[in-house]
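Chain letters run A, B, ... following the sequence lines, proteins first, then strands; residues in each count from 1.
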Amino acid sequence: MLHPLVPPVLAWFDTAARDLPWRAADRTPWGVLVSEVMLQQTPVARVEPLWRRWMMRWPTPADLAEESTAEVLRAWDRLGYPRRALRLQECARAVVERHDGELPRTEAELLALPGVGTYTAAAVMAFAHGRRAVVVDTNVRRVLSRAIAGDALPPPSLTRGELRDAATLVPDDDGTASRWSAAVMELGALVCTARSPRCDACPVAEQCAWRRAGRPPDALAPVRRRQAWHGTDRQVRGRIMAELRAADHPVPAEVLLAAVPGDETQRRRCLAGLLADGLVAALEPLRRPSAGAADAEDADDDAAVRDDAVLYGLPR
DNA sequence: AAGTCGGGGCA
DNA sequence: TGCCCAGACTT
């Protein structure tokens with residue numbers, strides 16, 4: 001038995017679904033996974049052009065696995081969260097090694113891949129393999145929060161109740177379930193939006209608990225200040241990565257740090273962090289012979305950052 | 001459960 | 001300016 005919310009949303013999806021390339025008939029399971037990773041915390045409009053170029057260049061896991069990490073990070077460009085690019089390549093290599101280059105077909109195996117969490121594993125099951133899965137992203141959470149719970153916005157972190165509601169709604173058979181997952185996400189992206197929801201265009205407006213209650217504003221939760229952008233480590237890290245993407249030769253620490261905002265402490269902290277994350281490589285660690293020979297073995301990334309003679313670049 | 005991690009577009 | 005965007009991972 002289908003939940004009353006399901007049929008109207010499926011019918012709406014048939015007419016309103018966007019024509020996205022990772023939904024095309026010629027899509028591959030790997031292409032779907034790539035899209036899901038790129039879409040993590042990133043709007044569709046910014047992902048689409050980059051996804052097209054990416055899949056043209058590296059159509060299969062084997063193609064990406066063989067590429068140099070530096071080229072992968074350059075292609076990732078300014079999509080944001082470049083650690084995703086690193087993990088995507090690790091994921092490609094894991095697929096080649098563990099699964100003979102074919103994306104696995106069970107949720108547990110997908111979940112075990114680098115960069116693939118609860119949401120992405122479920123999404124790949126549904127959208128790449130056409131299977132029933134409980135796909136819960138920010139769009140689904142907002143739609144169900146409004147339609148079922150009657151709240152303007154979902155709680156800060158995913159609750160058991162939300163997961164239970166979401167699971168209850170997913171139809172039993174694979175085909176209908178996978179279409180439902182895509183449809184309810186699309187509804188959240190196009191109609192039941194965070195800012196100004198278009199309830200007049202919503203196929204389940206009559207059933208929506210939030211709308212029937214008069215669209216009350218979000219229950220004033222203790223407003224936690226979001227981290228600002230200007231002057232943050234995230235901005236400085238981003239600037240360092242931008243410099244290295246643009247450079248076709250190794251860059252001396254002095255030159256690199258001079259091109260980046262922030263005070264000395266922050267810039268060096270960020271560079272050390274990028275080294276630890278594997279997003280930056282120290283290409284020529286010309287460490288000075290230390291006084292104690294025993295200390296030579298303890299040299300770590302922080303020591304490298306303090307040495308101005310070191311050259312930095314994207315990892316090979 | 002809370003922090004960290006990019007970047008851009010829009011009200 | 002603040003908020004939001006098909007989250008994952010570490011602590």
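The residue among L158(A) and S196(A) whose nearest nucleotide of DNA chain B is located toward the 5' end is L158(A). In terms of position on DNA chain B, the residue among L279(A) and S157(A) whose nearest nucleotide sits closer to the 5' end is S157(A). Mapping P114(A) and Y119(A) onto DNA chain C by nearest heavy atom places Y119(A) closer to the 5' end of the strand.
Using a 4.5 Å heavy-atom threshold, the side chains of P29(A) and V124(A) count as separate. Side-chain atoms of V34(A) and W54(A), non-hydrogen and from C-beta on, do get closer than 4.5 Å to each other.
Within 4.0 Å of L20(A), counting heavy atoms only, lies at least one base atom of the nucleic acid. No contact: V135(A) has no heavy atom under 4.0 Å from any strand. Within 4.0 Å of A123(A), counting heavy atoms only, lies no atom of the nucleic acid at all. Using a 4.0 Å heavy-atom distance criterion, T118(A) is classed as a sugar-phosphate-only contact. Across all strands, G80(A) comes closer than 4.0 Å to base atoms (heavy-atom distances). Within the nucleic acid shown, W76(A) has no heavy atom closer than 4.0 Å to any nucleic acid atom. Residue contacts shown for R141(A) are absent, as no nucleic acid heavy atom lies under 4.0 Å away.
Rounded to a whole Å, the CZ atom of R84(A) is 15 Å from the P atom of dC5(B). For W51(A) and dA6(C), the CH2 to P distance is 17 Å, given to the nearest whole Å. For L144(A) and dA6(C), the CG to P distance is 15 Å, given to the nearest whole Å. To the nearest angstrom, C1' of dG8(B) lies 17 Å from CE of M38(A). We find that CG of N139(A) is positioned 12 Å from C1' of dG7(C), with the value rounded to whole Å. Atom CZ in F13(A) sits roughly 12 Å away from atom C1' in dA6(C) (whole-Å rounding). Regarding L79(A), its CG atom lies at a distance of 10 Å from the P atom of dG7(B), rounded to whole Å. Atoms CZ (R142(A)) and C1' (dC3(C)) sit 12 Å apart, rounded to a whole Å.
Counting atom types as modelled, R195(A) pairs a side-chain N or O with a base atom of dC3(C) as donor and acceptor under 3.5 Å. Not a single donor-acceptor contact under 3.5 angstrom links the side-chain atoms of R46(A) to the base of dG9(B). In terms of polar N and O atoms assigned as donor or acceptor, the side chain of R78(A) never comes within less than 3.5 Å of the base of dG6(B) in a complementary pairing. Remark: the T42(A) side chain and the dG7(B) base include no donor-acceptor N/O pair separated by less than 3.5 Å.
At the phosphate of dA8(C), OP1 or OP2 sits under 4.0 Å from a side-chain N or O atom of T120(A). Taking 4.0 angstrom as the limit, T138(A) places a side-chain polar atom (N or O) nearer than this to OP1 or OP2 of dC5(C).
The side chain to side chain donor-acceptor pair (under 3.5 Å) test with D174(A) singles out one residue from R179(A), H129(A), R131(A), and that residue is R131(A).
Comparing the same atom, P, in dT11(C) and in dG6(B) gives a spacing of 16 Å after rounding to whole Å. Here, dA6(C) and dC5(B) have their P atoms 23 Å apart, quoted to the whole Å.
Salt-bridge annotation for E264(A) and R268(A): present, with a side-chain N of the basic residue lying under 4.0 Å from a carboxylate O of the acidic one.
In summary, the side chains of Y81(A) and R87(A) do not present any donor paired with an acceptor at a separation below 3.5 Å, with no hydrogens or angles considered. Inspection of the R84(A) and T42(A) side chains reveals an N or O donor paired with an N or O acceptor under 3.5 Å.
Taking the side chain of R245(A) as heavy atoms from C-beta on, and the options dC9(C), dG7(B), dA6(C), the nearest nucleotide is dG7(B). Each of dC4(C), dA6(C), dG7(C) was ranked by its minimum atom distance to the side chain of M185(A); first place goes to dA6(C). Across dC5(B), dC5(C), dC9(C), the shortest atom-to-atom separation from the side chain of Q41(A) is found for dC5(C).
Side-chain heavy atoms closer than 4.5 Å link hydrophobic residues (I, L, V, M, F, W, Y) into clusters, and following such links, even through other members, never connects L86(A) to V47(A).
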